[in-house]
Each structure stands twice: as C-alpha cells, then as structure tokens.
Trainee: 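Here it is, the structure in full.
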Amino acid sequence: MNYDGLNTQSAHSLLQRAATCYQSGDLVASARIYQQVLKREPYLVEAAYHLGMVKLEAGAYGTAISQLGWTVVLEPGHRDALLALARALQITGREEQAVERYRALVEGAPDDVEAWHALGVTQKALGHLAAAEVSWRRAIELAPTQAEPRALLGGLLQGQGQDEEGDAQLDRAQALDPENPGILCQVAAGHRTAGHWPQAEALYDRALAADPDHVGATAGKALA
C-alpha cells in the first residue's frame, strides 16, 4: 500500500480510500488511513467509529474498545458504536460493562431487537437467568419470526425444568429457520440440556450435512 499523499488529501477523500481498503480486506491500510484522518480531525465521529470497527474485526480489542468508546463520547446515541462496544467488552470478558452498554441501547431504543437479544446472551453468561429470559421474550415479542432468541429461550427454559414451553420454543425456532446450522445447533443444545439425546444428535447431524465444517455442530456431535 502506497501511503504517499495522505497528508494532502481531504478528510472525505481519505474516508473513501479507507473504506475501499476495508472492503478489499486490507485492514492494516484501512486502519492507518483512519488514524491519519483522526490526527487531523480527532472529533470526527465517522473516522473514530470505523477505526474501532476495523480494529474489532482485526482482533485488536483494546484499541477497538478505546475508539468505539470515544465514538460514544462524541455521539452518545450512536447505536452501532454502542452495539459494537458492548460486543467487544463481552469478548474480552467484561460482561458487566457489556450489560451496561446493552441496557443503554434498549433504554434509548426499546424496539431494538438485536440489542435485546445480545443483552439476553450476556445476562445468561453472567448467570442472570431471569433477566435473560425477560430480554429474550422482549426480542421475540418485537420479532416473532426470528429464530435465534426462541432457540436460546427454549434452551434456557429446558434448563429450568420448563419442558413443555421449552420444547415449544425450540420447535418453533427450528421451523422458522430449518436449514441454518447455527439455529440447528442451538436447538440441539436445548434438547441436550433436557436430556433429549436422540433429538440433539439428529439435529447436529442435520447441521453437519448443511455445513460439514461447522465447529459448533462438530463439538455438539461429539458430546451427543
């Protein structure tokens, strides 16, 4: 990548160039250009946000959290930055802070299905099962045809001994997205939690038939 001329280009031109590098898969070049923009215009929300996203994809979570956090300081209601920041915090084991960010999202946008779903995932990871149930039920209420919150809710209910509703949620999730290996694995995990080993194994087999390299299905099959 030739970086000549970066100092003479407009911020708009540099942002376009950085986006092109990102789309071509050159994360290093994209990050460097966004950094150049921020040296000139440190309060430019677009540059801060996209640099954070590039770093998140590259696995540089510390820098990603810093840039996405700065984006939220500059624009507190930046939905995508809040969502990405919460995800980065969760990845790095800072679940309590992630929950705070997801809560800020759903308080500002109570109809944000993705935020409710992600909040439930993080709450469950912390062992806050009742709160996770509330979050997933809210996601289902907002988007009844989305399979993933139903699959996760079904597994949670199975783990709490609520087999009838748990089975119903798992069956509905599978019906909504019957060929998705990820959904099949989540439904299988729910059945495994309830001790329904034949159903779980059959679902892992279906997931592997759809995607022979699916890591979750391979691991689940080994357990089943």
Trainee: Looking only at side chains, do Tyr22 and Glu57 share a donor and an acceptor under 3.5 Å apart?
Mentor: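 Side-chain D/A pair, Tyr22 to Glu57: present.
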Trainee: For the residue pair His50 and Tyr34, does the interplanar ring angle fall in the parallel (under 30°), tilted (30 to 60°) or perpendicular (over 60°) class?
Mentor: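 It falls in the parallel class, under 30°.
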Trainee: Could you walk me through whether Val187 and Arg150 pass the side-chain contact (heavy atoms from CB on, under 4.5 Å) check?
Mentor: CA-CA 9 Å; Val187 174; Arg150 286 187 184 276; over 6 Å; no
Trainee: Going from CD on Gln36 to NZ on Lys39, what distance comes out if it is rounded to the nearest 0.5 angstrom?
Mentor: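 One gets 5.5 Å once the value is rounded to the nearest 0.5 Å.
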Trainee: Please check if any side-chain donor atom of Gln90 sits under 3.5 Å from a side-chain acceptor atom of Thr122, or the reverse.
Mentor: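 Their side chains do contain a donor-acceptor pair, which is all the 3.5 Å distance test asks for.
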Trainee: A side-chain contact here means heavy atoms from C-beta on lying under 4.5 Å apart; do Val121 and Leu119 qualify?
Mentor: no
Trainee: Using only atom types and a distance under 3.5 Å, with no angle test, would you say the side chain of Trp70 pairs donor to acceptor with the backbone of Ala48?
Mentor: no
Trainee: Transitively linked via ILVMFWY side-chain contacts under 4.5 Å: Val106 with Leu83?
Mentor: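 Yes, it is one cluster - the side chains of Val106 and Leu83 are joined through contacts under 4.5 Å.
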Trainee: Could you walk me through whether Cys21 and Ile33 satisfy the side-chain contact (heavy atoms from CB on, under 4.5 Å) test, starting with their C-alpha distance in whole Å, then the side-chain angles of each, then the deciding distance to 0.1 Å, before giving a yes or no?
Mentor: CA-CA 9 Å; Cys21 290; Ile33 296 170; 4.0 Å; yes
Trainee: Where do Pro110 and Trp116 come nearest, in terms of heavy atoms and distance?
Mentor: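 Pro110 and Trp116 have their closest heavy atoms at O-NE1, 2.8 Å.
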Trainee: Would you call Arg137 and Glu133 a salt bridge, taking side-chain N to carboxylate O under 4.0 Å as the test?
Mentor: yes
Trainee: Answer whether the closest heavy-atom distance between the side chains of Gln123 and Ser135 falls below 4.5 Å.
Mentor: yes
Trainee: Look up atom CG in Leu105 and atom CG in Asp112, then write down how far apart they are to the nearest 0.5 Å.
Mentor: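 If we round to the nearest 0.5 Å, Leu105:CG and Asp112:CG are 6.0 Å apart.
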Trainee: Which heavy atom in Ile140 sits nearest to a heavy atom in Pro149, and how many Å separate them?
Mentor: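 Nearest pair, atom of Ile140 first, then Pro149: CG1-CB, 3.9 Å.
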Trainee: Does any non-hydrogen side-chain atom of Leu89 lie less than 4.5 Å from one of Tyr61?
Mentor: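 They are not in contact (no side-chain heavy atoms under 4.5 Å apart), so the answer is no.
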Trainee: Tell me whether His128 contacts the main-chain N or O of Ala131 through its side chain, where contact means a donor paired with an acceptor under 3.5 Å.
Mentor: no
Trainee: Nearest 0.5 Å, please: how far is CD in Gln186 from CG in Asn180?
Mentor: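 The CG atom of Asn180 sits 8.0 Å away from the CD atom of Gln186.
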Trainee: Quick one: does any side-chain atom of Ser30 pair with a main-chain N or O of Ala18 as donor and acceptor, under 3.5 Å?
Mentor: yes
Trainee: Nearest 0.5 Å, please: how far is CG in Leu157 from OG1 in Thr193?
Mentor: 11.0 Å
Trainee: Can you confirm whether Asp167 sits close enough to His196 that some side-chain heavy atom of one is under 4.5 Å from a side-chain heavy atom of the other?
Mentor: yes
Trainee: Are Leu51 and Leu44 in one and the same hydrophobic cluster, where Ile, Leu, Val, Met, Phe, Trp and Tyr link if side-chain heavy atoms are under 4.5 Å apart?
Mentor: yes
Trainee: Can you tell me how far CZ of Arg40 sits from CD of Gln35, rounded to the nearest 0.5 angstrom?
Mentor: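 Result: 14.0 Å between the selected atoms.
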Trainee: State which residue, out of Arg192, Lys221, His191, fulfils the side chain to side chain donor-acceptor pair (under 3.5 Å) condition with Glu201.
Mentor: Lys221
Trainee: Determine whether a donor-acceptor pair (N or O, by modelled atom type, separation under 3.5 Å) exists between the side chain of Ser66 and the backbone of Gly62.
Mentor: no
Trainee: So do Lys124 and Leu152 actually touch side chain to side chain, heavy atoms under 4.5 Å?
Mentor: no
Trainee: Evaluate the side-chain proximity of Leu184 to Glu179: yes if any heavy-atom separation is below 4.5 Å, no if none is.
Mentor: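 No, side chains not in contact.
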Trainee: If the threshold is 4.0 Å, N to carboxylate O, is there a salt bridge linking Asp111 and Arg138?
Mentor: yes
Trainee: For the hydrophobic clusters of this structure (ILVMFWY residues joined by side-chain heavy atoms under 4.5 Å, transitively), does one cluster hold both Val73 and Tyr43?
Mentor: yes
Trainee: Could you see if Ile65 belongs to whatever hydrophobic cluster contains Leu38? Use Ile, Leu, Val, Met, Phe, Trp, Tyr and a side-chain cutoff under 4.5 Å.
Mentor: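 The answer is no; the residues belong to distinct hydrophobic clusters.
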Trainee: Is there a path of hydrophobic side-chain contacts, each under 4.5 Å between heavy atoms of I/L/V/M/F/W/Y residues, joining Leu27 to Met53?
Mentor: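 As far as the 4.5 Å side-chain criterion goes, Leu27 and Met53 are not connected within one cluster.
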Trainee: Looking only at non-hydrogen atoms, find the nearest pair between Ala173 and Ile183 and report the distance.
Mentor: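 Closest approach of Ala173 to Ile183, heavy atoms only: O-CG2, 3.8 Å.
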Trainee: Are any non-hydrogen side-chain atoms of Val72 and Arg101 less than 4.5 angstrom apart?
Mentor: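 They are in contact (side-chain heavy atoms under 4.5 Å apart), so the answer is yes.
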Trainee: Using side-chain contact (heavy atoms from CB on, under 4.5 Å), reason through Arg87 and Tyr102 one step at a time and then give a plain yes or no.
Mentor: CA-CA 9 Å; Arg87 187 164 62 251; Tyr102 286 131; 4.1 Å; yes
Trainee: Does a side-chain heavy-atom distance below 4.5 Å link Gln67 with Tyr49?
Mentor: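 They are not in contact (no side-chain heavy atoms under 4.5 Å apart), so the answer is no.
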Trainee: Please report the closest heavy-atom contact between Leu170 and Ala151, naming both atoms and the distance.
Mentor: CD2-O, 3.4 Å
Trainee: Could you check whether Glu114 pairs with Arg79 (Lys NZ or Arg NE/NH1/NH2 to Asp/Glu carboxylate O, under 4.0 Å)?
Mentor: yes
Trainee: Give the minimum heavy-atom separation between Gly69 and Leu85, together with the two atoms involved.
Mentor: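 For Gly69 versus Leu85, the nearest heavy atoms are CA-CD2, 4.0 Å.
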Trainee: Do Arg206 side-chain atoms and Pro178 backbone N/O form a donor-acceptor pair below 3.5 Å?
Mentor: yes
Trainee: Using 0.5 Å steps for rounding, measure from the NE2 atom of His78 to the OG1 atom of Thr71.
Mentor: 6.0 Å
